[in-house]
Amino acid sequence: MRALLLPALLAATPAFAGDPVTADEFDALTLGRSMSWSESGMVYGLEQYLPGRRVRWAAVGEDCTLGHWYADGPAICFKYETDVEPDCWIITRSATGFDAAYTTSPPGTPPVTVAVTPDPPACPGPEVGS
């Protein structure tokens with residue numbers, strides 16, 4: 001009976017739950033793609049992942065800003081041209097893409113959902129045409 005129970009438990013528990021993705025894994029899973037970032041089911045921004053760990057971010061209804069990402073221990077940090085400090089996240093795989101927990105969020109804070117989206121951010125601001 002125990003021999004049957006362990007495989008059933010492993011099948012019911014995603015292997016990726018709770019394990020932070022590495023920088024190399026994150027790069028392989030995001031490069032050339034666009035991802036939506038949402039909280040409580042509401043998309044609040046889109047990010048396009050470019051070569052060289054560069055990114056183009058746009059909060060919904062806002063201009064795009066360029067930046068880059070890098071690993072800092074288990075965290076993936078994003079630093080945009082308008083930031084003084086980076087935004088760092090612990091990113092884990094989920095059934096729909098990624099879950100991201102801001103490194104400074106209090107314990108128990110629901111994660112942000114990050115999922116592949118077909119369209120890059122619309123850049124209504126000064127970068128249009130550049």
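When a residue number appears, it is its place in the shown sequence, counting from 1.
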Quick one: side chains of residues 111-119, donor-acceptor pairs under 3.5 Å with protein atoms, not counting sequence neighbours, listed by atom name and distance.
none

Quiz: residues 22-29 side-chain donor-acceptor pairs under 3.5 angstrom, not counting sequence neighbours:
from	atom 1	to	atom 2	distance (Å)
Thr22	OG1	Glu25	N	3.1
Thr22	OG1	Glu25	OE1	3.4
Asp24	OD1	Arg53	NH2	3.4
Glu25	OE1	Thr22	N	2.7

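For the pair Asp83 and Phe78, the minimum side-chain heavy-atom distance is 4.5 Å or more. Between Pro120 and Arg56 there is no side-chain heavy-atom pair separated by less than 4.5 Å. Looking only at side-chain heavy atoms (C-beta outward), Leu66 and Arg54 stay at 4.5 Å or farther from each other.
Hydrophobic cluster membership differs between Phe98 and Tyr70, with clusters built from Ile, Leu, Val, Met, Phe, Trp and Tyr side chains linked at under 4.5 angstrom. Residue Trp89 is grouped with residue Tyr80 when hydrophobic side chains (ILVMFWY) are merged at heavy-atom distances under 4.5 angstrom, including chains of intermediate members. Hydrophobic clustering (side-chain heavy atoms under 4.5 Å, transitive across Ile, Leu, Val, Met, Phe, Trp, Tyr) keeps Ile91 apart from Val43.
Note on ring orientation: taking the six-membered ring where Trp is involved, the planes of Trp37 and Trp57 are perpendicular (angle over 60°, cut-offs 30° and 60°).
Scored by the side-chain contact (heavy atoms from CB on, under 4.5 Å) test, Thr104 finds Tyr102 as partners (sequence neighbours excluded).
The salt bridge (charged side-chain N to carboxylate O under 4.0 Å, His left out) analysis of residues 32-50, with sequence neighbours excluded, yields no pairs.
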Derivation and outcome, side-chain contact (heavy atoms from CB on, under 4.5 Å), residues Thr92 and Asp19: CA-CA 6 Å; Thr92 56; Asp19 295 331; 5.7 Å; no

Determine, step by step, whether Ser94 and Asp99 satisfy the side-chain contact (heavy atoms from CB on, under 4.5 Å) criterion, reporting the C-alpha distance in whole Å, the side-chain angles of both residues, the deciding distance to 0.1 Å, and the verdict. CA-CA 6 Å; Ser94 72; Asp99 284 337; 3.8 Å; yes

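Nearest heavy-atom pair, Cys77 versus Asp72, reported as atom, atom and distance to 0.1 Å: SG-CB, 3.7 Å.
No donor-acceptor distance shorter than 3.5 angstrom exists from the side chain of Ser38 to the backbone of Gly41, with no hydrogens or angles considered.
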